[in-house]
Protein chains: 2
Amino acid sequence: MQVRLKDIAKLTGYSITTISRALAGYSDVNAQTRAYILEVAQQLGYQPNGVAQQLRRQITNTLGLVIPANAHDFSGDFFSQLLRGISAEAAEQHFDVLISSARSEEEELGIYRRLVGGHRVDGMILARTRRRDPRIAYLHAQKHPFVVAGRAAPDEPSDFPYIDADSQAGIRLLVAHLSDLGHRHIGLILPPPEIAFTEYRLLGYQEGLRAAGLPFQPSYVTHSDLTRGGGFHATQQLLEAHPHLTALIAANDLMALGAMSAAQERGLRVGRDISIVGFDDIPAAEYSYPPLTTIHQPTYETGRRLTAMLISLIRGEQPAQSQIILECALIVRRSSGRAPNYSEGGDA
Amino acid sequence: MQVRLKDIAKLTGYSITTISRALAGYSDVNAQTRAYILEVAQQLGYQPNGVAQQLRRQITNTLGLVIPANAHDFSGDFFSQLLRGISAEAAEQHFDVLISSARSEEEELGIYRRLVGGHRVDGMILARTRRRDPRIAYLHAQKHPFVVAGRAAPDEPSDFPYIDADSQAGIRLLVAHLSDLGHRHIGLILPPPEIAFTEYRLLGYQEGLRAAGLPFQPSYVTHSDLTRGGGFHATQQLLEAHPHLTALIAANDLMALGAMSAAQERGLRVGRDISIVGFDDIPAAEYSYPPLTTIHQPTYETGRRLTAMLISLIRGEQPAQSQIILECALIVRRSSGRAPNYSEGGDA
DNA sequence: CAGTAATTCCAAATCGTTTTGGATAGTTTT
DNA sequence: AAAACTATCCAAAACGATTTGGAATTACTG
């Protein structure tokens, strides 16, 4: 069924070698034979077998991405934007992206072994770094090219190429913004502690409080899934225990959206009775009600740059920068407002 | 660096054949030698070369998905949910998903040729069927397994396996819902005409109007991108030309969210001054302000079933059903309400 | 004890390319 | 006319697995 070099060889009378070299444009094949061969190939609809090429050339022009088992927010905007950036840049450089889904934590490393050890991909992209991340340990040991969206936790070495937002500074900005509005009781909804960036966000929170002269109340902090549902439940629980909280910081926008729903369900007007802010600036943040105050993170661009970095590594080049911390920008929208019974000074 | 069968053979003194058969669990290798070989393989961290396996076995256990050049809404919820469903089901059945991004319409078919003709994948998944879709024509000609999210336009043959929502009925439900609320001037925002489902949604609109005894006004219908921005601009333009419209149907939720913003920007209260409804029931629809009345479509589930269908086809099985039209359900939320100056009858 | 049947192993072919290291014939240089 | 190039072509060896079709040895049958 499928046309192979051998078929073209048989039809034209030339050897497989010559066919291959003609198609590849080598100069050691006569211009006329080359034209003839090209025409026959065209005629037959020849399409080189990519798998055979991969085997022979020992490169795949493919990047791997495995979806972690517990990435419940995979279909959320953060992952989608990242993937869009990755696949855009990959296409630009003639790479494909191989995606594999882990069904359980245990299965995850097996997939990395299959893709990397099995030579299915030339490089890997990881997202959502974890504490003592076994995936990173494995890739390090294999000396296989990889890049990571997000550095390691502060107390671990980040000895790998990554791009990460300066979320510590980002959360500080949020705390400053809220305390400027008069909030003194600010809750924090974090993802599970095993996620590497959790610690940075907690640090930023503590630093922000200190800068504002506010005490750190451990019970104002809770952990939950990075999803709308996670934010919803965390908020219910937090407001149940501490009804006097006037502001909530969620570690990502998805949770913030859930938090807004939970607050609204309690009859609170978000932006007036309670301020809720997020992190990421996903597209939905601008269109939520009320529009979400948040920290902007260029996720699509991160995907692109990460991919460009990875492809450099694969090519054996030294990327200009291999550890990038991106500045964060505060985006003030209407989900944050003056604290309810705040009056001392203020001009609006 | 990498361990091959040959290395294990050399080390153990057995032949490559025996190593291979031992690892594959054939019965013609002695239990003890097998155990020994397994141990050595384990010791060396042997990982079979997947590319070599693919070449020899002539199957890849990989499904292909190419992101169309103009899929501006790829990072929107519809695509992400679909992809999540696809990769979940694929993982279940030990398949990977190969994603390639088309940078232009012209490039698109080339990618299909490279993946399909180049034997990189065992089957393809298409989304967003177009009129006279060249991708479908190509795959048909190749007799390569593929499935499609969305059937062909009504006047074209849908002679391929697909899953599609009954969007004609869905839009009828929306029109009925709006006319029940007293709306008599209902605008419609459609995607570009080359998208196959556009026609179904237009038909549903016309049928709905007829059933409600309302006239069809062609100028109430406009076309735009399936994105928030598309819905935004279409709404601006529609309300500029026809300020007396009291309801708007957007062909998907993303456009509906944009439409709400545009209406709100004109000072209209959505759900009171104007009703806006969408289609898809993406997660954000529930969390928008006001929450969006829409038609529910089980996108994640569609991805899963589509993938299961495709894998059946690859295995040469006859799938139970290969052309599935899903029922649509109306989800009433608060973005739709009574028409402004409606009074005749009504008990609320 | 010859003949048959299991058991255990392996050489070689194959999948479809790319690349190496010539071979051959024609052309130019001395 | 021999020597040295050039221009074209190709056989064979990879890449790393799987599978076919025995071979060699041992065990069992009648």
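Within every chain, numbering begins at 1; the chains are lettered A, B, ... in the order of the sequence lines, protein sequences first and strands thereafter.
Residues passing the side chain to side chain contact (heavy atoms under 4.5 Å, CB included) test with B/D122, sequence neighbours excluded: B/I59, B/T60, B/N61, B/F95, B/I314. Every residue was checked against the side chain to side chain contact (heavy atoms under 4.5 Å, CB included) condition with B/Q318, not counting sequence neighbours, and none meets it.
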**Q.** Protein-to-nucleotide contact annotation, 5' to 3' order, nucleotides 21-27 of chain C [B base; S sugar-phosphate only; - none; under 4.0 Å, heavy atom]
**A.** -------

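One N or O on the side chain of B/T302 and one on the backbone of B/P298 form a donor-acceptor pair closer than 3.5 Å. Listed for the A/T18 side chain is no donor-acceptor partner under 3.5 Å among the backbone atoms of A/Y14. Side-chain atoms of B/T307 do not come within 3.5 Å of backbone N or O of B/A90 as any donor-acceptor pair. Side-chain atoms of A/S80 come within 3.5 Å of backbone atoms of A/G76 as a donor-acceptor pair (strictly under, hydrogens ignored). Of the possible polar contacts, none joining the B/H119 side chain to the B/L55 backbone as a donor-acceptor pair under 3.5 Å is found. The main-chain N or O of A/V116 is never found under 3.5 Å from a side-chain atom of A/Q142 such that the two would form a donor-acceptor pair. Judged by distance alone, the side chain of B/Q53 and the main-chain N or O of B/P48 form no donor-acceptor pair under 3.5 Å. Distance alone, capped at 3.5 Å, is enough to place a donor-acceptor pair between the A/E156 side chain and the A/R132 backbone.
Distance, A/D7 CG to C/dC15 C1': 13 Å, rounded to whole Å. Here C/dT14 presents its P atom at 17 Å from CD1 of B/I16, a figure rounded to the nearest Å. Protein atom CD of A/Q2 is 14 Å distant from nucleotide atom C1' of C/dT17, rounded to whole Å. Atoms CZ (B/R120) and C1' (C/dC15) sit 16 Å apart, rounded to a whole Å. Rounded to whole Å, atom P of C/dG16 lies 13 Å from atom CD1 of A/I8.
Backbone-only engagement by B/G13 is indicated by non-hydrogen atom pairs under 4.0 Å involving sugar-phosphate atoms exclusively.
The salt bridge (Lys or Arg N to Asp or Glu O under 4.0 Å) pairs that include a residue from residues 50-70 of chain B number zero, where partners must be two or more places apart or lie in different chains. For the side-chain hydrogen bond (donor to acceptor under 3.5 Å, both in side chains) condition, the pairs that include at least one residue of residues 27-43 of chain B, sequence neighbours left out, are B/R21-B/D28. Sorted by first then second residue, the ring-ring contact (aromatic ring centres under 6.0 Å, His included) pairs that include residues 52-81 of chain A, not counting sequence neighbours, are A/F74-A/F79. Evaluation of the salt bridge (Lys or Arg N to Asp or Glu O under 4.0 Å) test over residues 61-78 of chain B, restricted to residues two or more places apart or in two chains, returns B/D73-B/R128.
The structure places CG of B/L313 at 7.5 Å from OG of B/S322, a figure rounded to the nearest 0.5 Å.
Across every non-hydrogen atom of A/I37 and A/A22, the tightest pair is CD1-CB, 3.8 Å. Nearest heavy-atom pair across A/S158 and A/R151 is OG-CB, 3.4 Å.
Using a cut-off of 4.0 Å between Lys/Arg side-chain N and Asp/Glu carboxylate O, B/D7 and B/R4 are scored as salt-bridged. Salt bridge B/R103/B/E108: absent, no basic N to carboxylate O contact under 4.0 Å.
DNA chain C is contacted by B/L55, B/R56, B/Q58 of residues 49-64 of chain B, taking any non-hydrogen atom closer than 4.0 Å. Residues from residues 38-45 of chain B that place a heavy atom under 4.0 Å from any atom of DNA chain D: there are none. Residues from residues 109-117 of chain A with heavy atoms under 4.0 angstrom of DNA chain C: there are none.
One finds a side-chain N or O of A/Y26 lying less than 4.0 angstrom from the OP1 or OP2 phosphate oxygen of C/dT19. Residue B/T18 places none of its side-chain N or O atoms closer than 4.0 Å to OP1 or OP2 of C/dC9. Using a 4.0 Å cut-off, some side-chain N or O of B/Y14 falls inside it from OP1 or OP2 of C/dC9.
In the helix from C/dC1-D/dG30 to C/dT30-D/dA1, the terminal helix axes, each the rotation mapping four pairs' C1' atoms onto the next four within five end pairs, subtend 60°, rounded to 10°.
Nucleotides of DNA chain D that come within less than 4.0 Å of any heavy atom of chain B span, from the 5' end to the 3' end, D/dG16 to D/dT20.
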